[in-house]
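In what follows, chains are A, B, ... by sequence order, proteins preceding strands, each numbered from 1. Note that the coordinates shown come from a computational prediction; the quantities given were computed from them, not determined experimentally.
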Number of protein chains: 2
Amino acid sequence: MTTLKELAKLLNISVSTVSKALNDSHEISENTKRRVNELADKLNYKPNRIAQQLKTNKTKTIGVILPTVTNPFFAEVLHGIETRATINNYDIIICLSDESLEKEKRSLELLSNGSVDGFIIAVARESQVTEQTEHINKVVNSKIPVLMFDRVVNEINCDKVVVDDFKSVYEATEYLIKTEQRKHILLVSNIEELSVGKLRIKGYEKAMEDANLKPDVLKLSKVKDVEARIHSYLKNHQNIDAIVSIDHITGIIAINMAKKIGKVIPKEMSVVGFGYEHTQLLSSPKISIIHQKAFEIGEMSVQLLVDNLKEEDHNLQTIIVPSELKLAESTN
Amino acid sequence: MTTLKELAKLLNISVSTVSKALNDSHEISENTKRRVNELADKLNYKPNRIAQQLKTNKTKTIGVILPTVTNPFFAEVLHGIETRATINNYDIIICLSDESLEKEKRSLELLSNGSVDGFIIAVARESQVTEQTEHINKVVNSKIPVLMFDRVVNEINCDKVVVDDFKSVYEATEYLIKTEQRKHILLVSNIEELSVGKLRIKGYEKAMEDANLKPDVLKLSKVKDVEARIHSYLKNHQNIDAIVSIDHITGIIAINMAKKIGKVIPKEMSVVGFGYEHTQLLSSPKISIIHQKAFEIGEMSVQLLVDNLKEEDHNLQTIIVPSELKLAESTN
DNA sequence: TTGTAAGCGTTATCAC
DNA sequence: GTGATAACGCTTACAA
């Protein structure tokens, strides 16, 4: 790799002149600038990022710690993060905690040595369930800006980007009750132990309560054969006329199982789940989805963090990104 | 952040002694080592990664350039990459090309300035289709190790990790013909213009040819309403008794559409697609899948690249990762 | 066993 | 308008 020193030697001028010329300093003559730039182009000179980082004490890099990336929600968030980071001229280093507290902790420690300017984190399932989040607080206290999204820890004082979990499920349930006239609405879940899962269930329960209906929750996070379980549950509760899934898997399975026991969808049963573009593509009849704006969540997370990085006196914020209820098209 | 200099001052010894002590050098007395380590622990000293990188001219970072991460194949590959990178003490910087040549080019250039020790790349659709890959060659020529996986460019001289696209589809088709006695096998595709798509189609065609059957290919990469298209095609070709999908979407849609026109699966029609864990979960009756070992592909990519990074005289390799035909369980 | 000093590639301050 | 020099934080000959 070409360095300033090499350019300087070849041009018989000093390193500092070369540096200034490349940075278009007013101190340098146009002629010198031209000579320097020509040679730099010719030798494909690129300033060494590492040296710049050491000098400026800024890495222009964000550490992103995700529980997983095979879950399409996090994949899409990552897409948003990458897009907005690129716009802001930031690189992203990514670590996957695999839902493990230990790995999350390690990644955080490893990157807290000047490798990144700030962090974007969605807490691992284990950390959240066992309520061990001291390692995150440690980073916050060391003055490295942190932004948490989706799975957040209320006690930690940092920027947050969250989804309106309670409200979106409340409204979806309310829609089923009021518009579709459903009365026996089952909630199925495989994430009931996460903060977001709890909020979503509460939204459902409140909506049912407000309508004087009896809530019915099927918790499957620890179940192996989810399919069989939903199948038998539906078979034994033939009066169920609507299903709310609070994740992106069990809704589609519920549709398949409902069809299997002879239910006609959407006539005899409505199904709403959480999901993304693909989700609707893969179900037939199409499922209605609560569409979390995952891409936007990623984008806003980066923007808020970058603002924090720039501003001297940054006020911590919590942004709520509204979800959107996308009804299944009746074309099916 | 605590630095060596600060530790040295507090202990009234020199910076180099501190450095050596922390690196457990035999030159340093046990007593000094103890004192240094105690203070370092107390002040939570962590060596500045950037400074180390500048000094050693190694970043211990891999640049990963993916077309997308919302496609579950690439998401799972990324999972494998992250896992193996962590084991080898490498960080990963990720860039998403969004299938765009321009973005891929830019990312590559941006990171070719000492930010990473090597690259792992799956070529963007646009780069592959338009056969513009000079930007990748440029990196290879600049002596930065590059590894390409899945979507590779034959002309570029670097390590490669690929899937046995031709063979896996050939064998799946052969299985349908010989074991399941199918005769009218339709191939559906939404990736026919990619190198992997072409190979997969060839595998299918060869198997059909070898069995004296007429190939029938439905190309959908430019079609908007894939669902309607498959539906009408199946309706107008009632003799189709098996479907091979060469991507992870159209197979499931085909199952749904086949059911819709009254086909009994798997009795009257077999469906094989490409897929992952989720794929089978989301289809009912379950689809048979050609399971690409995406996680392993990610792992092997990192390992091969890291080997290249370590070894003085590295021999370029192409590793073929075999896929596995996972038949739908008959429990459904 | 410990310390001095040079150097990685930049940028920035200050002299000339 | 140009150049010498120091500094970022670390590692590593080499000297003491």
Side-chain angles (χ1 to χ4, degrees), chain A residues 1-37 39-40 43-61 89 91 110-117 142 144, chain B residues 1-37 39-40 43-61 89 91 110-117 142 144:
Chain A
M1 289 217 339
T2 317
T3 66
L4 285 185
K5 201 195 262 184
E6 286 167 27
L7 294 180
K9 182 174 281 175
L10 286 170
L11 292 167
N12 261 315
I13 55 181
S14 79
V15 169
S16 52
T17 304
V18 177
S19 172
K20 285 171 188 167
L22 288 170
N23 290 305
D24 201 24
S25 160
H26 58 272
E27 299 178 32
I28 306 297
S29 72
E30 287 307 319
N31 185 36
T32 307
K33 281 186 192 170
R34 194 184 38 71
R35 291 207 311 139
V36 170
N37 280 306
L39 187 63
L43 300 185
N44 194 24
Y45 168 80
K46 303 216 197 67
N48 183 311
R49 257 298 270 325
I50 306 299
Q52 285 179 322
Q53 289 175 6
L54 180 62
K55 185 69 192 167
T56 61
N57 204 24
K58 300 238 170 308
T59 61
K60 294 285 266 177
T61 302
N89 272 311
D91 285 339
L110 243 42
L111 294 182
S112 301
N113 59 357
S115 295
V116 301
D117 293 343
S142 73
I144 302 179
Chain B
M1 290 219 337
T2 316
T3 65
L4 284 185
K5 201 195 262 184
E6 285 167 28
L7 293 180
K9 182 174 280 176
L10 286 169
L11 292 168
N12 260 315
I13 56 181
S14 80
V15 169
S16 59
T17 305
V18 177
S19 171
K20 287 172 187 166
L22 288 171
N23 290 308
D24 202 22
S25 160
H26 58 272
E27 301 177 25
I28 306 296
S29 73
E30 287 308 318
N31 185 35
T32 307
K33 281 186 191 171
R34 194 183 38 70
R35 293 207 309 140
V36 170
N37 280 306
L39 187 63
L43 299 186
N44 194 26
Y45 168 81
K46 303 216 196 66
N48 182 313
R49 257 299 269 324
I50 306 298
Q52 285 180 323
Q53 290 173 7
L54 182 61
K55 181 68 194 171
T56 61
N57 204 22
K58 301 235 169 313
T59 61
K60 295 284 265 175
T61 302
N89 271 313
D91 285 338
L110 245 40
L111 294 181
S112 300
N113 58 358
S115 295
V116 301
D117 293 343
S142 74
I144 303 179

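- At whole-Å resolution of the value, NZ in A:Lys33 and P in D:dT2 are 10 Å apart.
- Between the C1' atom of C:dG3 and the CG atom of B:Leu11 lies a distance of 15 Å, rounded to the nearest Å.
- A side-chain contact (heavy atoms from CB on, under 4.5 Å) with A:Thr61 holds for exactly one of A:Asp117, A:Val116, A:Leu111; it is A:Val116.
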Quick one: what's the B/S/- string for nucleotides 9-16 of chain C, heavy-atom cutoff under 4.0 Å, read 5' to 3'? BBBBBB--

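- Rounded to an integer number of Å, the gap from CZ of A:Arg35 to P of D:dT2 is 9 Å.
- In this structure, CD of B:Glu6 is placed 11 Å from P of D:dC8, rounded to the nearest angstrom.
- In this structure, B:Asp24 places its CG atom 14 Å from P of D:dT11, rounding to the nearest Å.
- Applying the 4.0 Å criterion to OP1 and OP2 of D:dG3, one finds that A:Ser14 has a side-chain N or O inside that range.
- A salt bridge links A:Lys33 with A:Glu30: at least one charged nitrogen is closer than 4.0 Å to a carboxylate oxygen.
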May I have the step-by-step check of side-chain contact (heavy atoms from CB on, under 4.5 Å) for A:Val18 and A:Leu39, ending in yes or no? CA-CA 11 Å; A:Val18 177; A:Leu39 187 63; over 6 Å; no

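- Formation of a donor-acceptor pair under 3.5 Å by the B:Thr56 side chain with backbone atoms of B:Gln52 is found in this model.
- Two residues are said to be in side-chain contact when any heavy atoms from C-beta on lie closer than 4.5 Å; A:Asn44 and A:Thr2 fail this criterion.
- Panel note: side chain A:Arg49, backbone B:Ser112; no donor-acceptor pair is recorded below 3.5 Å.
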Please determine whether side-chain contact (heavy atoms from CB on, under 4.5 Å) holds for the pair A:Glu6 and A:Leu43, giving the CA-CA distance in whole Å, both sets of side-chain angles, and the decisive distance to 0.1 Å. CA-CA 10 Å; A:Glu6 286 167 27; A:Leu43 300 185; 5.7 Å; no

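- Taking five base pairs at each end of the helix from C:dT1-D:dA16 to C:dC16-D:dG1 and finding the rotation axis that steps the C1' atoms of four pairs onto the next four gives two axes whose angle is 50°, to the nearest 10°.
- What separates NZ of A:Lys9 from P of D:dT2 is a distance of 21 Å, to the nearest Å.
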Given side-chain contact (heavy atoms from CB on, under 4.5 Å), test A:Val36 with A:Ile28 step by step and report yes or no. CA-CA 11 Å; A:Val36 170; A:Ile28 306 297; over 6 Å; no

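- Using a 4.0 Å heavy-atom criterion, one finds that A:Ile13 contacts the sugar-phosphate atoms exclusively.
- Picking from D:dG3, C:dG3, D:dT2 the nucleotide with the shortest atom distance to the side chain of A:Thr32 gives D:dT2.
- Side chain of B:Asn48 to backbone of B:Ile50: a donor-acceptor contact under 3.5 angstrom is found.
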